[in-house]
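Worksheet for the structure shown next.
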Amino acid sequence: MIQDEKIAVKICGMRDVENIRMAASFLPDYMGFIFYPESPRFVGVDFKVPEDLPKSIHRVGVFVNEPIISVLDRAKHAGLDSIQLHGNESAEDCSVLMAAGFSVIKVFSIDKHFDFSLTKPYVSSVHYFLFDTKGKYYGGNANTFDWDILKRYDQEVPFFLSGGISPENVESVRPLRDMNLYALDVNSGVEDLPGVKSADKLKSLFSRLP
């Protein structure tokens, strides 16, 4: 990333309509909605993105190991622009979604043993990678991983950085700006409760972006 470029921001785990509208007032680049039933931030079975959400905000649906035909159906019903795959989905699955016109984000859970060669099959099948902390849950573990590990990544595909990002540590991202860092993905670090974002925490985060 060029140092002067703005880092995009994705607010993920949105669910309640009024909370969505509040978070949208900060004009994040992306907003994420979780379609995984086991998540405490699950949007429910008949969710649609509010029609008054500003068009400048990309609508991202987060899915985990769901049949691709189901992902496509739900993405169209909900009014999504982008699809984030957080499970064991294949590069072929990603290609199907790309061919259907969606922007595709493939997630990899990172710990000190992660082998970045696992990203290689996906290079031509996604728009972005997302690197998150490996933990008990598919996201929302509220912990950062050792960002120095990203020095082992070849930086070929731009990536979202996720995992425990909060107003208190967001400025620590600055040393990563010479990497192919495209966006920050924030979730539990700006919440009062699971799925309920805090206006004060969001204001603090946006004022401290590196």
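All values below come from the heavy atoms of this structure, side chains included, with hydrogens, waters and symmetry mates left out.
- Phe26 has its side chain out of reach of Leu205: every pair of non-hydrogen atoms, C-beta onward, lies at least 4.5 Å apart.
- Checked by atom type and distance alone, the side chain of Asp93 pairs as donor or acceptor with a backbone atom of Ser90 at under 3.5 Å.
- Residues Thr133 and Ile110 fail the side-chain proximity criterion, which asks for heavy atoms closer than 4.5 Å.
- Every residue two or more places apart in sequence or in another chain that forms a salt bridge (Lys or Arg N to Asp or Glu O under 4.0 Å) with Arg74 is listed here: Glu66.
- Closest of all the heavy-atom pairs between Cys12 and Ile34 is SG-CG1, 4.4 Å.
- With a 4.5 Å cut-off on side-chain heavy atoms, Val186 and Val170 do not count as touching.
- At a threshold of 4.5 Å between non-hydrogen side-chain atoms, the residues Tyr128 and Phe159 do not count as touching.
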Practice item. Would you check, one step at a time, whether the test side-chain contact (heavy atoms from CB on, under 4.5 Å) holds for Val9 with Leu209? Key: CA-CA 9 Å; Val9 175; Leu209 288 174; 3.7 Å; yes
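- In this structure Gln155 satisfies the side-chain hydrogen bond (donor to acceptor under 3.5 Å, both in side chains) test with no other residue, sequence neighbours excluded.
- For Ser95 (side chain) and Ala91 (main-chain N/O), a donor-acceptor pair under 3.5 Å exists by modelled atom type.
- Grouping the Ile, Leu, Val, Met, Phe, Trp and Tyr side chains by contacts below 4.5 angstrom, directly or via other members, places Val45 apart from Phe63.
- Every residue meeting the side-chain hydrogen bond (donor to acceptor under 3.5 Å, both in side chains) condition with Asp46, not counting sequence neighbours, appears here in chain and number order: His77.
- A donor atom on one side chain and an acceptor atom on the other are not found under 3.5 Å apart for Asn169 and Ser172.
- Ser166 and Gly189 make their closest contact through CB-O, 3.8 Å (heavy atoms, listed as atom of the first residue, atom of the second, distance).
- Side chain of Ser207 to backbone of Ser204: a donor-acceptor contact under 3.5 angstrom is found.
- Summarising the geometry of Val190 relative to Pro167, their closest heavy-atom pair is CG1-CD, 4.2 Å, with the distance given to 0.1 Å.
- Here CD1 of Ile165 is found 10.5 Å from CG of Asn187. Values are rounded to the nearest 0.5 Å.
- Side chain of Ser125 to backbone of Cys94: no donor-acceptor contact under 3.5 angstrom is found.
- Evaluation of the salt bridge (Lys or Arg N to Asp or Glu O under 4.0 Å) rule for Glu156 yields Lys120 as partners, not counting sequence neighbours.
- Identified under the salt bridge (charged side-chain N to carboxylate O under 4.0 Å, His left out) test for residues 12-26, with sequence neighbours left out: Glu18-Arg21, Arg21-Asp52.
- Residues Leu181 and Ile7 form a side-chain contact, since some pair of their non-hydrogen atoms from C-beta on lies under 4.5 Å apart.
- Contacts of Phe116 classified as ring-ring contact (aromatic ring centres under 6.0 Å, His included), with partners at least two apart in sequence or in another chain: Phe114, Phe131, Tyr153.
- Leu27 belongs to no hydrophobic cluster, as no Ile, Leu, Val, Met, Phe, Trp or Tyr side chain comes under 4.5 Å of its own.
- When side chains are defined from C-beta on, Ile11 counts as touching Leu202, because their heavy atoms get closer than 4.5 Å.
- One distance of note links CG of Asp185 with NZ of Lys10; it measures 3.5 Å at 0.5 Å rounding.
- For Asp200, there are no salt bridge (Lys or Arg N to Asp or Glu O under 4.0 Å) partners at least two apart in sequence or on another chain.
- Take Phe42 and apply the ring-ring contact (aromatic ring centres under 6.0 Å, His included) test, not counting sequence neighbours, and it matches no residue.
- No chain of hydrophobic side-chain contacts below 4.5 Å, direct or via other Ile, Leu, Val, Met, Phe, Trp or Tyr residues, connects Leu193 to Val17.
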Exercise for review: Let me see the working for Lys112 and Asp146 under side-chain contact (heavy atoms from CB on, under 4.5 Å), right down to the final yes or no.
Suggested key: CA-CA 7 Å; Lys112 64 181 180 181; Asp146 180 1; over 6 Å; no
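- For Phe33, the ring-ring contact (aromatic ring centres under 6.0 Å, His included) partners are Phe47, not counting sequence neighbours.
- For Ser162 against Leu130, the heavy-atom pair with the smallest separation is CB-CD2, 3.6 Å.
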Exercise for review: Begin with the C-alpha distance, continue with both residues' side-chain angles, and end with the deciding distance and a verdict on side-chain contact (heavy atoms from CB on, under 4.5 Å) for Leu80 and Val60.
Suggested key: CA-CA 6 Å; Leu80 304 179; Val60 184; over 6 Å; no
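- Residues Val107 and Leu85 are not in side-chain contact: their nearest non-hydrogen atoms beyond the backbone lie 4.5 Å or more apart.
- Nearest heavy-atom pair, Thr144 versus Gly164, reported as atom, atom and distance to 0.1 Å: CG2-O, 3.7 Å.
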Point to revise | From CA spacing to verdict: side-chain contact (heavy atoms from CB on, under 4.5 Å), Trp147, Leu176 | key: CA-CA 8 Å; Trp147 294 338; Leu176 305 184; 4.0 Å; yes
Review point. Please walk me through it: do Tyr182 and Phe160 pass ring pair (Phe, Tyr, Trp, His ring centres under 6.0 Å)?
Key: CA-CA 6 Å; Tyr182 171 71; Phe160 287 65; 5.5 Å; yes
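- In this structure, the salt bridge (Lys or Arg N to Asp or Glu O under 4.0 Å) partners of Glu191, at least two apart in sequence or on a different chain, are Arg41, Lys197.
- Closest heavy-atom contact between Tyr30 and Ser82: CE2-OG, 4.3 Å.
- By the criterion of side-chain heavy atoms lying less than 4.5 angstrom apart, applied directly or through intervening Ile, Leu, Val, Met, Phe, Trp or Tyr residues, Val104 is not grouped with Ile69; the two fall into different hydrophobic clusters.
- Of the inter-residue distances, the one linking Leu97 atom CG with Ser103 atom OG reads 10.5 Å to the nearest 0.5 angstrom.
- Residue pairs meeting the salt bridge (charged side-chain N to carboxylate O under 4.0 Å, His left out) criterion with at least one member in residues 79-89, sequence neighbours excluded: Glu89-Lys106.
- Residues Leu161 and Val173 are in side-chain contact: their nearest non-hydrogen atoms beyond the backbone lie under 4.5 Å apart.
- In this structure, Val196 is not a member of the same hydrophobic cluster as Val43, with clusters built from ILVMFWY side-chain heavy atoms closer than 4.5 Å.
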